Amino acid sequence: MTPKQHIIDRFISYVTIDTESDPNSKTTPSTKKQWDLANKLVDELKAIGMSDVSIDDNAYIMATLPSNVEHKVPTIGFISHFDTSPDFTGANVKPQIIEDYDGKDIVLNDEENIVLSPDYFEDLLLYKGQTLITTDGTTLLGADDKAGITEIVTAMEYLINHPEIKHGAIKVGFTPDEEIGRGAHKFDVEKFDADWAYTMDGSQIGELEYENFNAAGAKITAKGKIVHPGYAKGKMVNSMYYATEFINALPRLETPEHTEGYQGFFHLHSIEGKVEETTLKYIVRDHDKAKFDARKALMEKIVLDLNSKFEAEVFKIELTDQYFNMKEKVEPVMHIVDIAEEAMKQIGIKPLIKPIRGGTDGSQLSYMGLPCPNIFAGGHNFHGRYEYVPVESMQKAVEVICKIAELTASKASS
């Protein structure tokens, strides 16, 4: 097993570099500061002995670990993203290391009384006695997905230093802008040249995921008429009141705060309104394709019904598909999930196979011809000040990567 301190040092060297992405930017990467870590990773991959290390004009990094066996083995890949979420600041990250966690409250920031407590975050109790890396309460940590990058680089280094572990060719890919939904947009699947891959971008130890939401965005615009309020009777039309009719027409309990597991939802995440015009922005999610299509159809029907009720084209709707459930592309090659599951079991991890209540680069990559399930990276409470990662989970993720490589080679020889 890779020494704990080695993983800690590598992880901290990554998270202390600010790589927050920007959804309003049109460039790739969306922020110049992502290049700081991207260039460091290129140097590091070369330093540990990887071959064919490259970075393109959009900061997509690729590298190869050549096969060390004579027989033909499928080429596999491991992929992570180096940007962090714009939901919470990733500047000036100051990681705190909690040795031998005692299961009690962790004071992240005494001045601001910010506490990471197992009373609220029950998963903390899974890691009593382990080493945790937390924030100082003022930033996110960046384990999403710098833990994944740490694990992939460390696993490649371990395999290079332990040639007795037999493996086929392994490809590594690091991407920008995953947190704003663009991580796979400019990924060159043909250049990557792998038969399949795994994103190391899950959370709790043991997670193994090959299902995710079908996703769409919806923009609903309600039109009104502005008139001086003192003389508005019978003339003013307040678009904000109209907009509430649309909101109330959707099923109230089919929202993120009332759903779990395979249940889909409508999520109103933005309202901008004045009397003359109000805009509602939703994300629409469901694992089941038929239910997903029915959700979109319901929104369109509500618009038609409301326009009919008001005898005018008050409402307009724009629906845009964002990504689809990778299950459709992974199920025909389920052996790639089976290998990951077996790898976990062989090193003493109980696999937690469950649907992702979100998206992943792996979804888009699967539809681009690279089947790509998702494996745990170990972190918890992503995108905020309460984010943390157990070092032992990162160590186990390194072992999983190495074991997948070993199993893929051994199965190919039999």
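The model shown is predicted, which means the values in this text are computed figures rather than measured ones. Note that these values count all heavy atoms, side chains included, but never hydrogens, waters or copies made by symmetry. Along the sequence shown, residues are numbered consecutively beginning with 1.
- The backbone N or O of V275 sits less than 3.5 Å from a side-chain atom of S239, completing a donor-acceptor pair.
- Salt bridge annotation for R295-E254: present, with a cationic side-chain nitrogen under 4.0 angstrom from a carboxylate oxygen.
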Steps toward salt bridge (Lys or Arg N to Asp or Glu O under 4.0 Å) verdict (K403, E399)
CA-CA 6 Å; K403 183 59 70 174; E399 289 186 58; over 6 Å; no

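- Considering only heavy atoms from C-beta on, D361 stays 4.5 Å or farther from D201 through its side chain.
- Between Y158 and H162, the ring planes are parallel. Angles under 30° get that label, and only those over 60° would be called perpendicular.
- Look at K354 and E209 and you find a salt bridge, because one of the NZ, NE, NH1 or NH2 atoms lies within 4.0 Å of a carboxylate O, short of that distance.
- A donor-acceptor contact closer than 3.5 angstrom links the side chains of D105 and S117.
- With a 4.5 Å cut-off on side-chain heavy atoms, S85 and F382 do not count as touching.
- In this structure, the side chain of E392 engages the main chain of T131 through a donor-acceptor pair within 3.5 Å.
- The pair D36-K40 does not count as a salt bridge, with every side-chain nitrogen at least 4.0 angstrom from each carboxylate oxygen.
- A salt bridge links K309 and E245; the closest N-O separation between the charged side-chain nitrogens and carboxylate oxygens is under 4.0 Å.
- Without hydrogens or angle criteria, Q346 side chain to E342 main chain gives no donor-acceptor distance under 3.5 Å.
- M62 has its side chain out of reach of K171: every pair of non-hydrogen atoms, C-beta onward, lies at least 4.5 Å apart.
- In this structure, S366 contributes its side chain and C372 its backbone to a donor-acceptor pair below 3.5 Å.
- In this structure the side chain of I401 never reaches within 4.5 angstrom of the side chain of T154, judged on heavy atoms.
- Checking side-chain atoms of E387 against main-chain N and O of D144 turns up a donor-acceptor pair under 3.5 Å.
- Taking a cutoff of 4.0 Å between a charged side-chain nitrogen and a carboxylate oxygen, E328 and K289 do not qualify as a salt bridge.
- With hydrogens and angles disregarded, a donor-acceptor distance shorter than 3.5 Å links the side chain of H81 to the backbone of D83.
- Looking only at side-chain heavy atoms (C-beta outward), E406 and K166 stay at 4.5 Å or farther from each other.
- Between H380 and Y388, the angle of the ring planes stays under 30°, which puts this pair in the parallel group of the 30/60° scheme.
- Not a single donor-acceptor pair under 3.5 Å links the side chain of K4 to the backbone N or O of Q395.
- Between E157 and R10, at least one side-chain N (NZ, or NE/NH1/NH2) sits under 4.0 Å from a carboxylate O, which counts as a salt bridge.
- Checked by atom type and distance alone, the side chain of Q96 pairs as donor or acceptor with a backbone atom of T135 at under 3.5 Å.
- At a threshold of 4.0 Å, the pair K223-E276 does not count as salt-bridged, since none of the basic side-chain nitrogens sits closer than that to a carboxylate oxygen.
- Pairs engaging residues 276-316 under the ring-ring contact (aromatic ring centres under 6.0 Å, His included) rule: F213-H287, Y242-F310, F246-Y282, Y262-H287 [sequence neighbours left out].
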Hey, mind stepping through D177 and S30 against side-chain hydrogen bond (donor to acceptor under 3.5 Å, both in side chains) and telling me if it holds?
CA-CA 7 Å; D177 292 339; S30 62; 2.7 Å; yes

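- Aromatic ring centres of Y101 and Y127 lie farther apart than the 6.0 Å criterion allows.
- Under the 4.5 Å side-chain criterion, counting only non-hydrogen atoms from C-beta, R385 is not in contact with T139.
- Two residues are said to be in side-chain contact when any heavy atoms from C-beta on lie closer than 4.5 Å; N374 and L208 fail this criterion.
- Contact check on E178 versus R182 returns no salt bridge, with no Lys/Arg side-chain nitrogen under 4.0 Å from an Asp/Glu carboxylate oxygen.
- Annotation: D57, atom CG; neighbour count of heavy atoms from other residues, nucleotides and ligands within 6.0 Å does not exceed 12.
- Put simply, the side chain of D321 never gets that close to the backbone of A216: no donor and acceptor are under 3.5 Å apart.
- In this structure a side-chain-to-backbone donor-acceptor pair under 3.5 Å is present from S410 to L407.
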